[in-house]
Amino acid sequence: MRAQSSFLAEFKQAFNKEVGQKVHWFGGQVAENCAAFVSPYPCRRAVGVRTTERFELGDASVSYLGWKVIIEFDSKGLSPSNILKYWPYLRGELNIKPAQPIIFCHFSDWCSWATSRDLWEWTLSRMQADQELRVEIKGKQFDHGGSDQSLRASSISSAIKWIASVARADRGGAV
């Protein structure tokens, strides 16, 4: 958790500096940043959805030029479930619905299996092709750099430049 907190603080600071203002970031496992299926699937136990059994929709997020920018951080290997959970959200099938198109940055340790990164890309491409999405999603993976401060700084800078280029190219693309 320390690695995540440290990384997110560094990312937010760099982002705020780049955009020239202090923006208000959201994130974490707070009620307004979590979602669940409205009707849980029958394979669940007899209890309803517990608050701890919801999807966290981003370790950090911010509204920027009409887009919702979402940052996910995996301290170790890439978890494809961290993109897959956005598919029902983007389709409007969870208890909260997206109000803005999404720019999604996923930071992980690139020592993770290449097949996991490939599965992430495949999932993103299938999501983008889904005609039932309520809003558009653009996504990209980045190496968080681990303890390599130079690599971390480079990845953060690359991500911020990519976010700005996507957001400025299309100031909010509803599907």
Side-chain angles (χ1 to χ4, degrees), residues 1 4-5 7-9 11-12 15-16 18-19 21-74 78-108 116-117 119-142 144 159-160 162-175:
M1 196 58 122
Q4 180 186 58
S5 297
F7 177 87
L8 292 174
F11 185 91
K12 291 174 191 178
F15 187 88
N16 290 345
E18 181 67 28
V19 301
Q21 62 185 14
K22 185 171 181 164
V23 295
H24 184 70
W25 288 87
F26 296 91
Q29 296 181 356
V30 295
E32 28 321 313
N33 195 48
C34 291
F37 285 101
V38 177
S39 298
Y41 285 88
C43 62
R44 297 180 61 77
R45 27 187 202 288
V47 298
V49 177
R50 297 177 182 158
T51 57
T52 57
E53 296 178 323
R54 296 175 184 236
F55 299 110
E56 178 187 68
L57 295 175
D59 295 316
S61 65
V62 68
S63 182
Y64 177 67
L65 297 179
W67 291 80
K68 181 175 184 177
V69 177
I70 297 175
I71 308 300
E72 285 281 354
F73 177 89
D74 285 318
L78 181 80
S79 172
S81 67
N82 271 340
I83 190 169
L84 185 59
K85 66 185 175 185
Y86 289 95
W87 205 336
Y89 171 66
L90 293 167
R91 290 173 57 102
E93 296 175 4
L94 300 181
N95 64 325
I96 61 173
K97 315 289 185 247
Q100 298 175 293
I102 306 293
I103 296 175
F104 186 77
C105 296
H106 199 158
F107 290 87
S108 68
S116 293
R117 293 192 307 273
L119 183 56
W120 190 99
E121 292 291 339
W122 181 88
T123 302
L124 176 64
S125 70
R126 294 306 186 269
M127 287 168 55
Q128 291 171 325
D130 187 340
Q131 297 297 309
E132 294 187 39
L133 295 188
R134 296 171 62 96
V135 297
E136 180 179 8
I137 183 171
K138 302 280 186 177
K140 193 166 182 177
Q141 298 176 56
F142 298 90
H144 63 52
I160 293 169
W162 177 74
I163 291 166
S165 71
V166 170
R168 290 185 181 124
D170 177 2
R171 293 208 176 224
V175 173

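The distance from atom CG of L90 to atom NZ of K97, rounded to the nearest 0.5 Å, is 12.0 Å. Note that CD1 of I71 is 7.0 Å distant from CZ of F7, once rounded to the nearest 0.5 Å. If you take OG on S165 and CD1 on I103, they are separated by 8.0 Å, rounding to the nearest 0.5 Å. Distance CG/L8 to NE2/H144: 11.0 Å, rounded to 0.5 Å. Separation of atoms NZ (K138) and CD1 (I102) is listed at 13.0 Å; rounding is to 0.5 Å.
In terms of modelled atom types and a separation under 3.5 Å, the side chain of Q128 and the main chain of I137 share a donor-acceptor contact.
Contact between E56 and Y86 at its shortest, heavy atoms only, is O-OH, 4.1 Å. Across all their heavy atoms, N95 and C34 have their closest contact at OD1-O, 4.5 Å. Here the closest non-hydrogen pair linking A35 and I96 is CB-CG1, 3.6 Å. Among all heavy-atom pairs drawn from V135 and P101, the shortest one is CB-CA, 3.7 Å. Among all heavy-atom pairs drawn from M127 and W87, the shortest one is CG-CD2, 3.3 Å. Between G58 and I70 the shortest heavy-atom distance is CA-CG2, 3.6 Å.
Take S125 and apply the side-chain hydrogen bond (donor to acceptor under 3.5 Å, both in side chains) test, not counting sequence neighbours, and it matches no residue. Judged as a side-chain contact (heavy atoms from CB on, under 4.5 Å), and not counting sequence neighbours, the contacts of Q100 are S63, K68. In terms of the salt bridge (Lys or Arg N to Asp or Glu O under 4.0 Å) criterion, residue partners of R91 (sequence neighbours excluded) are, by chain and number, E93, D130, E132. Residues passing the ring pair (Phe, Tyr, Trp, His ring centres under 6.0 Å) test with F15 are W25, Y64, sequence neighbours excluded. Applying the side-chain hydrogen bond (donor to acceptor under 3.5 Å, both in side chains) rule to H106 yields the partners D74, W120; only residues at least two apart in sequence or on another chain are considered. Here K12 pairs with nothing under the side-chain hydrogen bond (donor to acceptor under 3.5 Å, both in side chains) rule; sequence neighbours left out. Every residue meeting the side-chain contact (heavy atoms from CB on, under 4.5 Å) condition with E18, not counting sequence neighbours, appears here in chain and number order: I160. Annotation: side-chain contact (heavy atoms from CB on, under 4.5 Å) contacts of K140 (sequence neighbours excluded): F142, W162. Taking F55 as the reference, F37 meet the ring pair (Phe, Tyr, Trp, His ring centres under 6.0 Å) condition, with sequence neighbours excluded.
Close placement of the F11 and F107 rings is indicated, their centers lying within 6.0 Å of each other.
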Q.
Set out, in order, the CA-CA distance, both residues' side-chain angles and the distance that settles side chain to side chain contact (heavy atoms under 4.5 Å, CB included) for L124 and F104, then state yes or no.
A. CA-CA 10 Å; L124 176 64; F104 186 77; over 6 Å; no

